[in-house]
Amino acid sequence: MPGEIVHIEIPADDTTQSQQFWGSLFGWQFQANPGPFEYHTSQIEGPRTAAITNIKAGAARVNELGGEAGVPMPVPGMGWFSACTDPHGNEFGLWQTDTSAPPPAQ
């Protein structure tokens, strides 16, 4: 499928901490790959690699695991978005589809 993400690399100074964060957040399991430098991979099946079913719970979990999650903000008629960073400062977002999401409060 054109445009489908099949591989993503997440830089980390502390790979053990990073594996714990991402593994705890999405249930990923990592394997060390042989080679001249430290490299860990997680096999993820299907076209969708991760999901958060409740954005507030997902944002709280990011904070609990040592990352930082912004307050979930509505995207009117589409859903909710929370801008996040992992413990190494890598930016990512959490998304929850919700067609009843209201316009932001003025």
Side-chain angles (χ1 to χ4, degrees):
M1 167 187 236
E4 183 178 351
I5 295 174
V6 295
H7 183 79
I8 183 171
E9 292 188 355
I10 301 168
D13 294 326
D14 183 334
T15 59
T16 300
Q17 180 190 41
S18 188
Q19 288 176 70
Q20 289 171 345
F21 176 84
W22 293 102
S24 295
L25 185 61
F26 293 126
W28 296 346
Q29 296 180 1
F30 294 89
Q31 300 80 41
N33 289 13
F37 55 89
E38 189 176 7
Y39 197 76
H40 305 270
T41 58
S42 179
Q43 184 67 40
I44 302 169
E45 296 181 26
R48 297 179 190 228
T49 59
I52 298 295
T53 58
N54 179 306
I55 192 120
K56 289 181 182 177
R61 185 75 173 137
V62 168
N63 291 322
E64 180 182 308
L65 294 170
E68 292 184 23
V71 174
M73 302 294 295
V75 178
M78 296 179 69
W80 296 84
F81 177 78
S82 176
C84 305
T85 57
D86 74 3
H88 296 281
N90 296 303
E91 297 176 348
F92 66 101
L94 298 179
W95 175 260
Q96 179 178 333
T97 300
D98 179 1
T99 57
S100 67
Q106 297 290 331

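The figures here come from the full heavy-atom set of this structure, side chains too, leaving out hydrogens, waters and symmetry mates. Here, residue 1 is the first one in the sequence, and each next residue gets the next number.
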Visitor: Minimum heavy-atom separation for A69 and N63, please, with both atom names.
Guide: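 Heavy atoms of A69 and N63 come nearest at N-OD1, 2.8 Å.
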Visitor: Have a look at H40 and tell me which of T15, N33, I10 forms a side-chain contact (heavy atoms from CB on, under 4.5 Å) with it.
Guide: T15
Visitor: Please report the closest heavy-atom contact between V75 and F81, naming both atoms and the distance.
Guide: CG2-CB, 4.3 Å
Visitor: With sequence neighbours excluded, what pairs up with P102 under the side chain to side chain contact (heavy atoms under 4.5 Å, CB included) test?
Guide: P74, W80
Visitor: For the atom pair SG (C84) and CG (L25), what is the distance rounded to the nearest 0.5 Å?
Guide: 8.0 Å
Visitor: Pairs in or reaching into residues 69-91: which pass salt bridge (charged side-chain N to carboxylate O under 4.0 Å, His left out), with residues at least two apart or in two chains?
Guide: none
Visitor: Under 3.5 Å, is there a donor-acceptor pair between the side chain of N90 and the main chain of P11?
Guide: yes
Visitor: Between W22 and W28, what is the ring plane arrangement, given parallel below 30°, perpendicular above 60°, and tilted in between?
Guide: parallel
Visitor: Determine which pairs satisfy salt bridge (charged side-chain N to carboxylate O under 4.0 Å, His left out) with at least one residue from residues 62-72, sequence neighbours left out, and list them in order.
Guide: R61-E64
Visitor: Strictly distance-based, threshold 3.5 Å: is any side-chain N or O of Q96 a donor or acceptor partner for the main-chain N or O of L94?
Guide: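 Side chain of Q96 to backbone of L94, a donor-acceptor pair under 3.5 Å: no, none is there.
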Visitor: With T99, which residues qualify under side chain to side chain contact (heavy atoms under 4.5 Å, CB included), at least two apart?
Guide: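 Result, side chain to side chain contact (heavy atoms under 4.5 Å, CB included) vs T99: none returned.
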Visitor: Transitive ILVMFWY cluster of Y39 at side-chain heavy atoms under 4.5 Å: who else is in it?
Guide: F37
Visitor: Please identify each residue that fulfils side chain to side chain contact (heavy atoms under 4.5 Å, CB included) with M73, with sequence neighbours left out.
Guide: none
Visitor: Could you check whether any side-chain N or O of S82 sits under 3.5 Å from a backbone N or O of G70, counting only pairs where one atom can act as donor and the other as acceptor?
Guide: yes
Visitor: What's the shortest heavy-atom distance between A12 and S18, and which atoms?
Guide: CB-CB, 3.5 Å
Visitor: Nearest 0.5 angstrom please: Q19 CD to S24 OG, how far?
Guide: 11.0 Å
Visitor: Give me the atom names and distance for the closest heavy-atom approach of P72 to A59.
Guide: CG-CB, 4.4 Å
Visitor: Please lay out, stage by stage, how Q20 and L65 fare under the test side-chain contact (heavy atoms from CB on, under 4.5 Å).
Guide: CA-CA 8 Å; Q20 289 171 345; L65 294 170; over 6 Å; no
